[in-house]
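Sequential numbering from 1 along the given sequence is applied to the chain's residues.
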Amino acid sequence: MIRTRTIQAIVYTLCLYDLYLYLPDLLDLVEINVDLPTSDYLLYFDAAMLLFGGGIIGTVLLKIGSKKLGWLMIVLNVILTPLFIWKALP
C-alpha cells in the first residue's frame with residue numbers, strides 16, 4: 001500500500017482538480033451560470049482527467065484507504081462524464 005505523504009498529497013490535489021473540472025457542468029444542471037478561469041494550455045490534460053482520471057484516481061484512493069472519496073471519483077467518472085457528453089452532443 002502507498003503510505004507516503006507526497007503521493008497522498010498529489011492524489012488529493014488531482015482529486016480536487018478533477019472536481020474543479022466537473023464544477024461548471026454540475027452548476028449548469030441547476031442553471032447557475034459561472035465562468036471559471038480555464039487555461040488553453042491544459043486542454044488535453046483536462047480532457048484526459050475527465051475521461052480517465054476519475055477512475056484512476058478513484059482506484060488509487062481506494063488503495064490508499066479513502067474509500068468514500070474513491071467511490072465518489074469513480075461514480076463521477078462512470079455516470080456524470082457520459083451524461084455531460086450526451087448533453088453536449090447536438
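With sequence neighbours excluded, the residues that form a side chain to side chain contact (heavy atoms under 4.5 Å, CB included) with Lys87 are Asp28, Leu29. Listed by chain and number, the residues in a side-chain hydrogen bond (donor to acceptor under 3.5 Å, both in side chains) with Asp46 are Tyr17 (sequence neighbours excluded). Taking Leu16 as the reference, nothing meets the side chain to side chain contact (heavy atoms under 4.5 Å, CB included) condition, with sequence neighbours excluded. The side chain to side chain contact (heavy atoms under 4.5 Å, CB included) search around Leu83 returns Leu80, not counting sequence neighbours.
Residue Ile56 is not grouped with residue Ile10 when hydrophobic side chains (ILVMFWY) are merged at heavy-atom distances under 4.5 angstrom, including chains of intermediate members. Cluster membership for Phe45 and Leu19, using ILVMFWY side-chain heavy atoms within less than 4.5 angstrom, is shared. Criterion: ILVMFWY side-chain heavy atoms under 4.5 Å apart, direct or through other members. Under it, Ile85 and Leu76 are not part of a common hydrophobic cluster. Leu26 is connected to Leu21 through a chain of hydrophobic side-chain contacts under 4.5 Å among Ile, Leu, Val, Met, Phe, Trp and Tyr, so both are in one cluster. Trp86 and Val30 fall into different hydrophobic clusters, defined by Ile, Leu, Val, Met, Phe, Trp and Tyr side-chain heavy atoms under 4.5 Å apart, directly or through other members.
Residue-environment remark: CZ (Phe52) stays at or below the threshold of 12 foreign heavy atoms within 6.0 Å.
Every pair tested for salt bridge (Lys or Arg N to Asp or Glu O under 4.0 Å) that includes a residue from residues 6-18 fails, sequence neighbours excluded, so the list is empty. Residue pairs satisfying the side-chain hydrogen bond (donor to acceptor under 3.5 Å, both in side chains) criterion with at least one member in residues 66-85, sequence neighbours excluded, are listed as follows: Tyr22-Thr81.
Taking the side chain as every heavy atom from C-beta outward, Ile57 and Met49 approach each other to under 4.5 Å.
Between Cys15 and Met73, the shortest heavy-atom contact is SG-SD, 3.4 Å.
In summary, of the residues considered (Leu62, Leu61, Ile64), a side chain to side chain contact (heavy atoms under 4.5 Å, CB included) with Leu69 occurs for Leu61 alone.
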